[in-house]
Amino acid sequence: MTGSALPLTATMLLGGLLTLDRMAFGQFFLSRPLFAATLLGYILHFPAEGAFVGLVYELLFLRSIPAGSFIPLHPLHGSLVAVFLIASGSAGTSGWQAVPVAVFFSLPAIFLDRYVEIFWRRSNERNLLKATALVRMGKIGSARGVHLLSTLRAFLLYTAAVLVSGVILSGFCTFALSRFPSFTAYLSVAGLTPFFIGLAGVTAGRKYGFGRVGFLCGLLLGALAGSGILL
Amino acid sequence: MQGLGFFFAISPWFKLEEGEYDTKALKRHLVYFNTHPFMASYLLGVVARLEKEGNPAGAVRAKENLMGPLGAAGDGLFWTSLSPMVVVLSLSVALLSPLAGILTLLLVHNAIQLSVRWNLFKRGWENAYDPLTYIGGRQDRKVGARAQEVIAPLSGFLLGIVAFRTETPGTVLVLFGLSLILFMKGWSTLRIMLVILTIALILGGLGIRMEMPWFPLR
């Protein structure tokens with residue numbers, strides 16, 4: 001655990017800070033997994049693995065949108081925990097081989113993230129009542145302070161959530177791999193399934209007009225680029 | 001919801017002098033508020049002008065009546081069209097260079113959202129006395145439809161580049177095709193994931209494996 005203390009600290013601080021981008025500040029896309037996982041990957045010296053984790057999580061949750069007051073599953077914490085599992089060595093192997101295992105074992109983190117968001121939104125409603133009471137008393141500065149305090153509370157809450165997810169999931173991952181060492185090999189295919197499913201979800205429903213032809217043209221270009229002929 | 005945020009954003013507008021605020025005006029806007037975060041700028045413009053020109057009832061009415069339609073318009077324009085387009089574009093770039101990918105994500109998304117926010121704030125100020133006409137005349141649906149069309153070739157590119165950077169492009173394409181068919185049949189993501197995971201685990205057990213795609217780092 002000592003070896004993973006620094007990666008865990010970086011993961012939880014980044015988790016807390018970047019969550020504020022989607023909760024309280026400008027929604028600058030700093031909380032998107034592609035940015036967050038790649039950044040954490042750079043910090044923990046696994047940039048390419050971090051970027052691929054971000055890619056898989058982006059695609060899997062691209063259709064999960066916060067329409068109206070619906071609270072969707074958000075991939076930020078899952079992607080950060082996945083990079084942590086790779087960097088801490090909890091995923092059994094290192095480098096690319098660890099990516100599918102890390103993605104697979106980090107998925108439960110997104111459920112804790114949503115639970116915390118529901119909790120935070122309720123506490124925010126209470127803050128609104130508190131601020132209203134302060135405005136009635138003419139304490140405008142304090143009422144504005146409630147907003148800032150609420151932001152600080154969100155940071156602490158989400159930092160704690162990433163800590164809990166990171167500790168539990170890395171422990172579970174290490175335990176599972178020690179009991180079933182061949183799991184890594186099995187997951188070499190299965191770890192990519194979120195990628196297919198996410199991409200299929202993005203593509204499905206775009207069957208009219210330019211969509212099909214555009215998809216096939218893109219596929220051809222991608223195949224040429226991927227096999228090294230084009231790029 | 002976003003009531004506290006709207007109050008925080010509008011409160012400097014009601015500052016009378018050092019440390020003094022128009023408490024009555026602030027109370028009017030410390031209420032339930034929920035719309036699309038980027039489209040809220042339009043209401044900030046409308047409310048700021050109406051309050052400044054002594055029409056508080058109009059400001060409250062505009063907020064109450066427009067937050068729903070603006071939320072729906074913003075969800076359609078951003079969450080289902082522009083944002084997925086920017087993300088898929090950035091993912092395609094990230095496969096060539098992770099750093100370029102995240103720069104694309106941040107630069108393109110923020111260029112769009114910041115310009116939309118600033119423009120909507122200005123339009124809100126200009127159209128404060130007839131806010132619905134401007135919103136009704138916006139071409140958000142057309143822009144959204146165009147953005148959605150761009151997603152298809154980008155998704156194809158993404159699949160092609162990942163598939164052909166593995167040792168087994170055929171397996172990748174077959175599993176993708178199966179996922180796509182199930183999606184089109186209306187299956188839920190969870191159900192598809194269970195089916196594909198089962199197939200993938202069986203393939204793994206049979207010794208059919210895929211190397212992870214590689215990234216050239218720059």
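Chain letters run A, B, ... following the sequence lines, proteins first, then strands; residues in each count from 1. For clarity, every value in this text was computed on a predicted model and none was experimentally measured.
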So among Phe35(A), Phe28(A), Phe29(A), which one has a ring pair (Phe, Tyr, Trp, His ring centres under 6.0 Å) with His109(B)?
-> Phe29(A)
Tightest non-hydrogen contact, residues Ser155(B) and Phe215(A), listed as C-CE1, 3.9 Å
What distance do Leu219(A) atom CG and Ile161(B) atom CD1 have between them, rounded to the nearest 0.5 Å?
-> 11.5 Å
Hey, is CZ on Arg141(B) packed in by over 12 heavy atoms from elsewhere, all under 6.0 Å?
-> no
Within a reach of under 6.0 Å around NZ of Lys27(B), are more than 12 heavy atoms found that belong to other residues, nucleotides or ligands?
-> yes
What heavy-atom pair brings Phe164(B) and Ser227(A) nearest, and what distance separates the two atoms?
-> CB-N, 3.8 Å
Can you tell which part of Leu148(A) gets under 4.5 Å to a heavy atom of chain B, answering side chain, backbone, both or neither?
-> side chain
Are more than 12 heavy atoms from other residues, nucleotides or ligands located less than 6.0 Å from atom CG of Leu107(B)?
-> yes
Provide the closest heavy-atom pair for Pro98(B) versus Tyr42(A) in the form atom of the first, atom of the second, distance.
-> CB-OH, 4.5 Å
Leu182(B) versus chain A, heavy atoms under 4.5 Å apart: side chain, backbone, both or neither?
-> neither
Side chain, backbone, both or neither of Thr132(A) within contact of chain B (heavy atoms, under 4.5 Å) | both
What is the distance from atom CG of Leu26(B) to atom CG of Leu134(A), rounded to the nearest 0.5 Å?
-> 12.0 Å
Ranking Asn127(A), Val135(A), Val146(A), Leu30(A) by heavy-atom pairs under 4.5 Å to chain B gives rank one to Val135(A)
Which bit of Phe14(B) comes within less than 4.5 Å of chain A, counting heavy atoms only: side chain, backbone, both or neither?
-> neither
Donor-acceptor list for residues 89-96 of chain B side chains, cut-off 3.5 Å, not counting sequence neighbours:
unit_1, atom_1, unit_2, atom_2, d
Ser90(B), OG, Val86(B), O, 2.7
Ser90(B), OG, Leu105(B), N, 3.3
Ser92(B), OG, Val88(B), O, 2.9

